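All chains are named by letter (A, B, ...) in the order of the sequence lines, taking the proteins before the strands, and each is independently numbered beginning at 1. For clarity, every value in this text was computed on a predicted model and none was experimentally measured.
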Amino acid sequence: MPEFANVIVDISHERLDRTFQYRIPERLKDRLQPGSRVRIPFGGGNRMIEGYVTELTDRAEYEPGRMKEIGEIAGGGLAVESELIALAGWIKEHYGSTMIQALKTVMPVKDRVKEKEERWVRLCLNQEELGAARSLCIKKHQTARLRLLEALKENPRLPWAEVAGRLKLTMAALRPMEEAGQIRIEGRQSYRNPAAGTGLETPPVRLNEAQQFIVNQLTGEIGRKDRRPALIFGVTGSGKTEVYMELISRTISAGRQAIVLIPEIALTFQTVQRFCGRFGDRVSFVNSRMSAGERYDQFERARKGELDVMVGPRSALFTPFGRLGLIIIDEEHEHTYKSENMPRYHARETAIARAELCGGLVVLGSATPSVESYYQALAGRFRLFRLKKRASADSVLPQVSVVDLRKELEAGNQSVFSRELRKKMESCLGNGQQMMLFLNRRGYAGFVSCRSCGKPMKCPHCDVSLTAHRNGRLVCHYCGYSVPLPKACPSCGSPYIAGFGLGTQKVEALVGREFPGARVLRMDYDTTAGKGGHQAILEAFGRGEADILIGTQMIVKGHDFPGVTLVGILAADLSLHAGDYRSSEVTFQLLTQAAGRAGRRGIPGEVVIQTYMPEHYAVQAAAAQDYEEFYHREILYRNLLKYPPAGCLMALQISSASEEAAEEAARGLANAISDSCGTEGQVTGPADAPVLKVRDIYRKLVYAKAAKYSTLIAAKDRAEAYMKDFPGASKVQLQFDFS
DNA sequence: AGCACGCCGACT
DNA sequence: GTCGGCGTGCTC
């Protein structure tokens, strides 16, 4: 049993947002674990306060002689905080972050939240008493009190920010005044309920046989023996949401709470309405646009038991529910469930870890499950349920055709639109129906280069070429840098500069030229930057205010337009060249989802996939709407190269402002982990990141593949040890990424 | 956040 | 001297 315990103090203040180290007394050894709630002496007066053990260790980070001992274990060790701290411990171990980083993701930022909370100082004296109090203060030279009383004379109710800020009063001066009954400090906890008053009561829908079967299978098990996560593999429109609703309902009836994770983009007004209609004010929502304070409010309501359901993106997973019984992850294949910051946790794996801690059930849903999840399901580690039929009988699968762009070129057609797509667009417009055109690249042209020297225009801060935009500027899609399009090539002075490739803006221009009359909307990062940007565009299109919606991937995610009968995928290959082992999977999912947008009410939809690689299995399988076929081909490839889920993969990203420092550290790290893995694993690199430089920071990559996760964890520890005594460690940053 | 410590002006 | 208010800084 380790000698010391790191403890996070149970006080919400910025200055205390770190751990303190305590000695573990003999009688408590073997009884402590990360997440234990303890009582500890704190501060000069050794007053006993509560805290949580975050970590047990033998390494003293503080002078052991001056270290205090843990007092006792505090009762009620089952508090939510304990569960979340234990989860942070799991995240730290599993994804290789520091405990503090893990804690900060799991326990929402408490700092500066207090500031935002509305607190007021109110005067409790009448005119007479105020006068008396003032003269007493003058007599006693109580300057701080006088300052406050003067201000309160003008305005008997002052906001806390002003009292603490401009008037510079501290608790030391305020407390005696409050005790004397001169003032009152009011802390009004204002909860803004984003769900308030939306939607009408919507009674539960009657489930069809397949849906009911899943619900029965799973609810019988909640709190019982089979705790395996469930994967619901249901085609678009098969009614997964109704299953979720019923599962949540039953969870609540059993006295437990539920978290629903959905991709940010799917958190639309309709979604909010749907949940509110069913669960009233017992449901709340979080999203990334909310301020830290607003999100904290909602988490606080959950902690107090005012809620039964929380809906939101990745971070909603950490809702402090004390009786969590169900975690639903909709569209579980979405890459947004993987965090981009340290710790780079995956919501699916982390949800499973949390469910284990609280004895809850995890339900995953997707029309195109991730290869990982389907693999687990086939191996029997997940329970698999299928919803094959679309819930409403009149929707039909679309007709998909694949167009070989090489043949178009041979036939002399250099346009973005193949002959087939153009014909279908004409008839679609002629019939007064709507269409969507999908292109996975925004901007006007792909890149811009000089026709005489061939040099592309590059971002000075990032290692990428700039994208031409319609407004005559060149924009960097990595850091946002933008310059006016130069009149002459900066390196050779030639005036012949031209754009190549295709972006959404250019498609918009081309549609305008080739289909004059057609009403066009464009949706991508540039047009949705403002708040409510998505919503406005989608709603306008839904109301039929445009015939054609052009956009990047955001148009294919979770929004139904009954009027859309044609979907055109202009360049299916773009995502195939990502150079990532997942690029086929991403492409397949994208194409399948895009195709699923067409024809959902009665009218059969048509889909045209344009590609230079019509024979690629991701394209073929998507055209045939055949997930099994895709999975079969994909898993062969992953097995062969031992990529996840057939093996484990750890990526080290080494970043530094100095390329040499990054390179040197990367080399050393590659050797260190290669040493650590031995014959168990395979190390590649160091190599430049696909985009070497972003925002003036160089990034190098080292990969380690192994059959067993533990091999990689050991390698991670070795890498951390290496960085500890690397001379230039302060200049170099190391990030781990497990997948 | 809460508490000790030290500074400073006022008063027995 | 020394008492009490008030600002500062530390808490394993």
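Summarising the geometry, the separation between CG on A:L169 and P on C:dT8 is reported as 12 Å, rounded to the nearest angstrom. Between the C1' atom of C:dG5 and the CZ atom of A:R147 lies a distance of 12 Å, rounded to the nearest Å. Separating the NZ atom of A:K68 from the P atom of B:dC3 is a distance of 13 Å, rounded to the nearest angstrom. Note: CD (A:Q142) to C1' (C:dG4) measures 9 Å, nearest angstrom. The NZ-C1' distance, from A:K140 to C:dC6, rounds to 14 Å in whole Å. If you take CG of A:L136 and P of C:dG5, they are 11 Å apart, rounded to a whole angstrom. Atom CG of A:L149 is separated from atom P of C:dC6 by 11 Å (rounded to the nearest Å). The distance between atom NZ of A:K139 and atom P of B:dA10, rounded to the nearest whole Å, is 13 Å.
A ring-centre distance under 6.0 Å is found for A:F42 and A:F20.
Under 4.0 angstrom from either OP1 or OP2 of B:dG9 there lies no side-chain N or O belonging to A:H141. When the side-chain nitrogen and oxygen atoms of A:R145 are compared with OP1 and OP2 of C:dC6, one or more of them lie within a distance under 4.0 Å.
At least one donor-acceptor pair closer than 3.5 Å links the side chain of A:R354 to the backbone N or O of A:L317.
Within 4.0 Å (heavy atoms only), A:T143 reaches sugar-phosphate atoms of the nucleic acid but no base atom. A:Y22 comes within 4.0 angstrom of the backbone, heavy atoms only, and of no base.
Relative orientation of the A:H94 and A:Y709 rings is parallel, given thresholds of 30° and 60° on the angle between their planes.
Ion pair A:E664/A:R667 not flagged as a salt bridge, since none of the NZ, NE, NH1 or NH2 atoms sits closer than 4.0 Å to an Asp/Glu carboxylate oxygen.
At a cut-off of 3.5 Å, with distance as the only test, a side-chain donor of A:Q298 or A:R301 sits close to an acceptor on the other residue.
With centres under 5.5 Å and a plane angle under 30° as the test, the ring of A:F20 is not stacked against the base of C:dC12.
Distance from the side chain of A:R47 is smallest for B:dC3 among the nucleotides B:dC3, B:dA10, C:dC6.
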